[in-house]
Amino acid sequence: MKPRVRFAPSPTGYLHIGGARTALFNWLYARHTGGTFVLRIEDTDQARNSREAVEVILQGLRWLGLDWDEGPVSGDDMRAGRGDHGPYFQSQRGEIYRRRIAELRDKDAAYEHEGALKFRMGREPVIIPDLVAGDVERKLTDREEIDPDFVIVRSDGQPVFHLVNVIDDLEMGITHVIRGEDHLSNTSKHIALFRAFGVEPPRYAHIPLILNPDGSKMSKRDVGASLATYMDGFFLPEAVLNYLCLLGWSPKDDRQVLPIAEVIEKFDVPQILRGNAKFDMDKLKWLNGEYLKTVTAERFNALCLRELVKAGVATECYPAEYVSAALATYREKYQQLLDQPLSAKFYFSDDFPIDPAAVAEAFVPAARPILDRLIIELGKLAEFTADAIQNLYKPLSKELGVKAGALVLPTRVALTGSKVGPSLYHLMEVLGRERVLSRLAKAATAIA
RNA sequence: GACCCUAUCGUCCAGCGGUUAGGACACUGCCCUUUCACGGCGGUAACCUGGGUUCGAAUCCCAGUAGGGUCGCCA
């Protein structure tokens, strides 16, 4: 029988990075085994539910490329969905729950207590055969020792998580439950529930949690906790996915950059690591950079443009070829554009930020004759290309008996307002002779 | 308080009885270079502690310690 796995998030309005990894591991296992990946929305908590919150989850999974075989297709139409084990929203499965609750009552596995319905839990330790942690013997805690039974239907008639989760997994024919380790202790309850229904529980695999760098639990407000951070930021989904694969799983061959197809091929549940992992944004960024190197100019430009728009740099009045040529000079130094998007403004406006320290260092009196000479020579250049400009600067510095930096620095500061930036000769070619000459002239005048 | 999981460089992983304990990120030295990057070549840095088992333990067992999780009419 082919495995059937599921990702069952609660629509809270954001997709947690840990949740994304849980989805990833389920997806990987399904794809590795040729099984089925089911998406089920656990929206029993009416208070924090909305179509938008469901959309956040669907869009997050789609962004990562984690396609599901069964489940909702949109948050708007909760009736529509792929698969024949629906509905895939718990809020629409009331009838199923009622039937199963009646079954437990009939079997005397549950009883009423203060308006609620409680499940008769055994007192013996439960063996949880976990694919990651091994056989776990779960004994009762001291509080459970007093009363091992637990509520499965609230006094307001709403069934609780433990119950609906088990019923859904049972009805949907889930064979492997791959979920966060925070559920490990509760699994004894789930196993007991399955047995009460007269069904063997699925196989369980509890994966370790993702922690903050300081070791604390990663929660909503922590840096990098929400997938939106990456979707809205300068990140490639394949890089995020790759990083997540490396957190708690390893290809065993010391490689870091792995195509997802290869991960699918190698992935298996028993190889998942047992310990929690701390989130390392630096490594994710490095990995992102590795992927960025291989991406098409179109995708790269789209990311850059989004950052420029955020920073208020208008590019729309420039020809597409110009914008694209300008962004190309940031290809190998995207980090700079990211950290300081305004530093790229010199391409799109004469009113760009100017670093006073750079001006003080570059526009010394000795720079005046150099700039004047450069203006003349650049004006005479037959072709205003990076190569031609470079071939002008090098000999000229020799002729003037100064280091190349003596020409380069004033030029760079005059053109960009900064000491750092893309390759000077290339950015000059992109900027074009007219803009270059006018900015150099302005700088030369300022020195005098 | 009880129960459960975990424990190799700062971080993520490799190691599964005998290794100079390996790779990556980060940090750092040198080279390349018009700046900043990229890249290339190096460097610093780890087996939590204490008992066992064994000729021999990072590797197996136990305890302690530490970190995380769970014990809800939250999911």
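Below, read A as the first sequence line, B as the second, and so on, with proteins coming before strands; counting in each chain starts at 1. Worth saying up front: this structure is predicted, and the values here are computed from it rather than measured.
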message: Run the side-chain hydrogen bond (donor to acceptor under 3.5 Å, both in side chains) test against D182(A) and tell me which residues pass, sequence neighbours left out.
response: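 Here no residue qualifies.
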What contact category does [X] fall into here, base, sugar-phosphate, or nothing, at under 4.0 angstrom with non-hydrogen atoms?
X	answer
G180(A)	nothing
K293(A)	sugar-phosphate
H162(A)	base
K252(A)	sugar-phosphate
R138(A)	sugar-phosphate
K285(A)	nothing
A277(A)	sugar-phosphate
L140(A)	sugar-phosphate
S250(A)	sugar-phosphate

message: At less than 3.5 Å, do the side-chain atoms of K333(A) and the base atoms of rC38(B) form a donor-acceptor pair?
response: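 No, no donor-acceptor pair under 3.5 Å.
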Phosphate-side-chain proximity, R154(A) and rC74(B), N/O vs OP1/OP2 below 4.0 Å: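 Affirmative; the distance criterion is met.
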- request: Quick one: look up who rG29(B) pairs with, Watson-Crick or G-U, both distances under 3.5 Å, and put none if it's unpaired.
  value: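 Matched rG29(B) with rC41(B) under the 3.5 Å cut-off.
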Donor-acceptor side-chain pairing of [X] and [Y] below 3.5 angstrom:
X	Y	value
D280(A)	Y243(A)	no
T385(A)	Y425(A)	no
D214(A)	S216(A)	yes

message: Against the six-membered ring of F7(A), is R40(A) placed for a cation-pi contact (under 6.0 Å from the centre, within 45° of the normal)?
response: no
query: Within 45° of the ring axis of F119(A) and under 6.0 Å from its six-membered ring centre, is that where the NZ or CZ of K189(A) lies?
result: no
Contacting residues from residues 182-194 of chain A, given that a heavy atom lies under 4.0 angstrom of RNA chain B: D182(A), H183(A), L184(A), S185(A), N186(A)
message: Rounding to an integer number of Å, can you tell me how far L244(A) CG sits from rU11(B) P?
response: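 Checked: the CG to P distance equals 20 Å.
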Using atom [atom1] of each nucleotide, how far apart are [N] and [M] to the nearest Å?
N	M	atom1	answer
rA46(B)	rU8(B)	P	14 Å
rU44(B)	rC61(B)	C1'	36 Å
rA21(B)	rC30(B)	C1'	27 Å
rC5(B)	rU19(B)	C1'	30 Å
rU34(B)	rG42(B)	C1'	26 Å
rU53(B)	rG43(B)	C1'	39 Å
rA14(B)	rG68(B)	P	22 Å
rA26(B)	rG10(B)	C1'	8 Å

- request: Could you tell me how the ring of Y204(A) sits relative to the ring of H206(A): parallel (under 30°), tilted (30 to 60°) or perpendicular (over 60°)?
  value: parallel
- prompt: Going by the angle between their ring planes, with limits at 30° and 60°, are H190(A) and F161(A) parallel, tilted or perpendicular?
  reply: perpendicular
task: Take K217(A) and G421(A), find for each the nucleotide of RNA chain B with the closest heavy atom, and name the residue whose nucleotide sits nearer the 5' end.
output: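 On the 5' side of the pair lies G421(A).
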Residue whose nearest RNA chain B nucleotide is more 5′ - P213(A) or V420(A): P213(A)
message: Give me the atom names and distance for the closest heavy-atom approach of L287(A) to L246(A).
response: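 Between these two residues, the closest heavy atoms are CD2-CD2, 4.2 Å.
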message: Taking E42(A) first and then R93(A), would you say they form a salt bridge - that is, a charged N and a carboxylate O separated by under 4.0 Å?
response: no
query: Is it true that R138(A) and E144(A) make a salt bridge, defined as a side-chain N closer than 4.0 Å to a carboxylate O?
result: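 E144(A) and R138(A): salt-bridged.
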query: Taking protein heavy atoms under 4.0 Å as touching, what does nucleotides 23-34 of chain B look like 5' to 3' if B marks base contact, S marks sugar-phosphate-only contact and - marks none?
result: BBBS-------B
